[in-house]
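Here's the structure we're looking at; comments come further down.
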Amino acid sequence: MAYRSQHGSSANQQLVKSERSMLTLSDDNVMLKQIMGTHAPDGREVDVKPLLFLTEDILNRATLQVDASVMGRQGQIDSIEDKSQQANFVTMLEALSYTIDRISCELSYKALGGSDAHSTTLSIFNMLSNYPWDAKLVLALAAFALNYGEFWLLAQIYSTNQLAKSMAILRQLPSIMEHSGPLKSRFEGLNTLIKVMVDVTKCVVEFKELPPTYISPDIAAFQTALTHIPTAVYWIIRSIVACASQITTLSSMSHEFAISTTESWELSTLAHKLKNIHDHLKEQLVFCYDHIEDRRNNESFKILKTLFESVHIDNMKVLKALISVKDDSLPLIDGSSKRRVNLEVLRRKNVLLLISGLDFSHDELAILEQIYNESRMHATRLESQYEIVWIPIVDRSVPWTEPMQKQFESLQVSMPWYSVHHPTIIEKPVVRFIKEVWHLRNKPILVVLDPQGRLVCPNAIHMMWIWGSNAFPFTSLREEALWKEETWRLELLVDGIDPTILNWIREEKYIFLYGGDDPEWVRKFTNQAKAMAEAARVPMEMVYVGKSSKREQVRRVIATITVEKLSYCWQDPTMIWFFWTRLESMLFSKIQLGRVDDHTDPTMQQIKKLLSYDKEGGWAVLAKGSEVVVNGHSTTILPTVFEYDSWKEHVITKGFDVAIRDYHDMLHGVSHPCCRFEFLNSAGRIPETMRCPECNRAMEKYTTFLCCHDEGQLNVIRSVECNRAMEKYTTFLCCHDEEGSPEKAQKPNRRVSSPNRERQAILRGNLPPH
């Protein structure tokens with residue numbers, strides 16, 4: 001006991017000196033000069049990862065909770081699983097064991113001798129002068145783990161192993177364990193400090209392993225880290241000295257000295273300092289990883305672009321680059337069997353990449369599934385020789401959640417074609433390539449690759465909506481050929497949608513297709529049209545096809561038509577969606593071909609008129625069988641049917657079809673309706689200019705912000721009605737009654753026909769924004 005008291009006094013003096021030393025050396029610049037003076041690396045490279053793995057394993061198993069030690073719980077001792085790794089660093093351990101032993105002895109000896117902690121730390125730096133910073137850390141930590149692991153190994157097994165018991169008695173471990181209650185805070189302090197020591201060490205090693213190909217010292221974050229690493233190494237080794245002093249003191253002086261609070265202050269101060277160092281280095285490490293990822297992504301993006309510019313014998317290289325970058329052996333789900341399959345199922349096949357977000361609409365999916373299933377029914381036909389693969393694109397910066405997983409699975413299980421087994425296998429460079437090169441925005445695209453992986457069409461979705469599988473092989477030449485076969489006829493508008501209308505066409509009936517969102521206009525038009533047909537004694541059918549937007553208002557109009565039996569109408573919203581999507585696809589198809597303003601193409605001009613009429617008020621198309629007779633806006637078609645008495649005398653001489661067309665054309669010549677086209681900026685390609693289908697003049701171009709409160713999520717400007725962000729559109733406008741006057745910028749305000757339903761702001765396209 002006398003020895004313990006005398007030495008305890010000496011140790012107390014050591015801690016006081018250590019405390020003062022920490023305070024006087026708080027200026028890291030002084031300390032940095034001292035340790036840099038010991039740093040003289042000789043160029044040797046040490047693979048410290050295996051040694052760090054072993055050291056961390058020892059410290060993790062040795063760092064026990066005090067309560068578990070009191071209960072006598074024995075720590076589980078497992079062999080290192082990776083035997084090959086163990087064999088690989090045996091040679092390295094032989095070369096480093098002498099240095100590790102020296103540091104281990106230095107830690108124990110200096111702790112017993114009461115040496116100053118800073119002096120001991122510098123002594124260890126001198127022993128490690130020829131090693132790089134990461135190796136200094138790991139070797140010092142390994143030396144500490146040797147002493148610390150031996151202490152806790154005896155503590156864990158002395159109660160069941162006689163040899164360990166005898167050695168434990170020599171180290172006075174039974175006495176320490178008996179008084180472990182008062183020591184609990186001390187052990188917890190050790191545990192906390194050791195953990196943060198390991199964390200900082202791993203962080204320093206990570207910096208050493210950063211690939212020099214993608215990062216260099218001129219990168220700010222990397223340079224900052226390199227500047228701070230020597231300081232980090234000093235405080236870790238300084239903490240190792242403090243921890244070793246605690247364990248050595250416990251072994252030599254039992255529990256009496258350990259219940260002092262002096263050393264507890266030192267441990268907590270060091271842990272706090274190292275935590276700050278770790279947080280700072282980790283922040284820089286994140287910046288470095290971001291920089292490396294950007295460099296790698298840019299490299300992968302360029303490789304992908306080069307890949308599509310090269311010639312290949314099949315499509316495997318291209319598909320692997322897009323879908324299976326990490327060599328996933330089974331990256332696809334077969335839609336028919338719902339099993340994971342290899343990319344080989346697509347080898348040397350025409351592949352249609354269906355690319356979209358998770359907000360794939362029910363309408364789009366239902367129609368595309370119908371087209372696909374019809375093509376499978378005639379699998380031997382040329383137009384059926386393709387496979388579809390769904391590639392879902394998600395924002396990788398947003399954490400993947402359970403609702404997102406359910407949404408993805410719900411879509412995937414409903415698809416009869418192939419799909420990638422999970423969105424996260426699509427790498428960032430691929431997403432960038434799809435968005436920048438293939439122009440993916442908010443709406444799905446259908447990218448066509450031939451059996452050699454060549455890009456055939458960057459977006460065949462418009463061809464698919466218009467002609468279905470008949471558009472195979474979905475090339476621009478095929479698209480041109482299909483347009484040459486088309487004429488302005490009713491089948492072009494309704495083909496593949498409603499067999500009832502096709503029957504009317506075959507029966508050569510007069511057919512009114514009409515639309516709009518005003519129930520009162522619909523009531524007036526249908527009643528007067530029926531009266532006109534009855535007076536003219538012509539067989540006439542009418543069908544309401546809704547509107548391209550405002551589903552809720554369309555639903556109310558359909559309810560009115562059904563209750564009042566005004567006409568035939570499409571009850572299924574998908575049919576209405578497909579009708580308008582096909583029309584819009586016809587316009588986008590011409591835009592893609594660069595022929596949207598071909599004024600010699602009467603079919604395109606009529607389609608543009610119809611799309612424009614849909615933007616404001618009602619409209620109607622009258623056909624006799626297949627031949628379209630009249631395509632008119634509400635401002636001309638309604639007066640035409642109301643004023644039947646004014647032109648009925650010509651029905652006998654000219655025929656009903658010619659008489660109604662002539663009268664409508666006369667009204668149309670007096671007052672042209674405003675023509676308007678809106679292109680959602682986030683939806684994809686937008687033409688630079690457009691010509692009016694009515695007068696062939698260049699249309700005014702505006703930026704439009706729109707919010708329709710029953711239509712979905714929006715962005716850009718806040719609506720005054722709901723404070724939601726508004727959608728941004730590019731709008732083309734031509735108002736013929738103003739002869740190009742500047743005041744026509746006010747015309748879009750006429751669009752606000754339904755109070756509290758939509759609001760919009762118009763910015764003149766040729767004026768700078770405020």
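Looking at heavy atoms from C-beta onward, Val554 lies in side-chain contact with Ile576 at the 4.5 angstrom threshold. Asn350 is not listed as a side-chain neighbour of Val448, based on a closest heavy-atom distance of 4.5 Å or more. Thr562 is listed as a side-chain neighbour of Cys569, based on a closest heavy-atom distance under 4.5 Å. The shortest side-chain heavy-atom distance between Trp483 and Glu479 falls under the 4.5 Å cut-off. No side-chain heavy atom of Asn315 sits less than 4.5 Å from a side-chain heavy atom of Pro451.
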- Run the numbers on Lys615 and Ser548 for side-chain contact (heavy atoms from CB on, under 4.5 Å), then give the verdict. CA-CA 8 Å; Lys615 299 305 177 187; Ser548 63; 4.1 Å; yes
- For Glu344 and Arg347, what are the C-alpha separation, side-chain angles and deciding distance, and is it a salt bridge (charged side-chain N to carboxylate O under 4.0 Å, His left out)? CA-CA 5 Å; Glu344 285 294 325; Arg347 183 182 288 274; 2.5 Å; yes
- Task: Dump the intermediate steps for salt bridge (charged side-chain N to carboxylate O under 4.0 Å, His left out) on Lys550 and Asp517, then the final yes or no.
- Result: CA-CA 8 Å; Lys550 302 184 180 178; Asp517 58 1; 3.5 Å; yes
- Item | Worked verdict on Ile393 versus Ser356 for side-chain contact (heavy atoms from CB on, under 4.5 Å) | CA-CA 6 Å; Ile393 302 298; Ser356 75; over 6 Å; no
- Item | Working for salt bridge (charged side-chain N to carboxylate O under 4.0 Å, His left out), residues Glu293 and Lys428 | CA-CA 10 Å; Glu293 184 181 27; Lys428 285 184 178 181; 3.4 Å; yes
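In this structure, Trp570 has its ring center under 6.0 Å from that of Phe579. Separation of the Trp465 and Trp580 ring centroids does not fall under the 6.0 Å cut-off.
One finds the CD1 atom of Ile505 at 12.0 Å from the CD atom of Glu541 (value rounded to the nearest 0.5 Å).
A side-chain N or O of Arg506 and one of Asn503 form a donor-acceptor pair less than 3.5 Å apart. Counted by atom type alone, Ser469 and Glu374 present zero donor-acceptor pairs between their side chains at under 3.5 Å. Side-chain contact annotation: Glu584 with Thr581, donor-acceptor N/O pair under 3.5 Å absent. With no hydrogens or angles considered, a side-chain donor-acceptor pair links Gln606 and Asn631 at under 3.5 Å. Glu486 and Thr603 form no side-chain donor-acceptor contact under 3.5 Å, judged by distance and modelled atom types alone. Using a 3.5 Å distance cut-off with no hydrogens or angles, the side chains of Asp450 and Tyr386 do not pair a donor with an acceptor. Side-chain contact check for His422 and Gln405: at least one donor-acceptor pair (N or O, by modelled atom type) lies under 3.5 Å.
Salt-bridge annotation for Arg296 and Glu427: absent, with no side-chain N of the basic residue lying under 4.0 Å from a carboxylate O of the acidic one. The pair Glu552-Arg556 meets the salt-bridge criterion, with a side-chain N (NZ, NE, NH1 or NH2) lying under 4.0 Å from an Asp/Glu carboxylate O. Glu364 and Lys443 are not joined by a salt bridge, as no carboxylate oxygen comes within less than 4.0 angstrom of a charged side-chain nitrogen.
For the side-chain contact (heavy atoms from CB on, under 4.5 Å) test with Lys624, the passing option among Val630, Val629, Ile511 is Val629; the others fail.
Residues that satisfy the ring-ring contact (aromatic ring centres under 6.0 Å, His included) test with Tyr544, not counting sequence neighbours, are Tyr514.
What you find for Lys547 and Gly617 is that their closest heavy atoms are NZ-O, 4.4 Å. The nearest pair of heavy atoms linking Ala321 to Leu304 is CB-CD1, 3.6 Å.
More than 12 non-hydrogen atoms from other residues, nucleotides or ligands lie less than 6.0 angstrom from NZ of Lys338.
Between Trp390 and Phe408, the ring-plane angle classifies as parallel under the 30° and 60° cut-offs. Between Phe308 and Phe433, the ring-plane angle classifies as parallel under the 30° and 60° cut-offs.
Between the Asp495 side chain and the Glu491 main chain, no donor and acceptor come within less than 3.5 Å of each other. The closest donor-acceptor contact from the side chain of Arg582 to the backbone of Trp467 lies at 3.5 Å or more, if one exists at all.
Remark: Arg432 is positioned above the aromatic ring of Phe301, its terminal NZ or CZ atom under 6.0 angstrom from the ring centre and at most 45 degrees off the axis.
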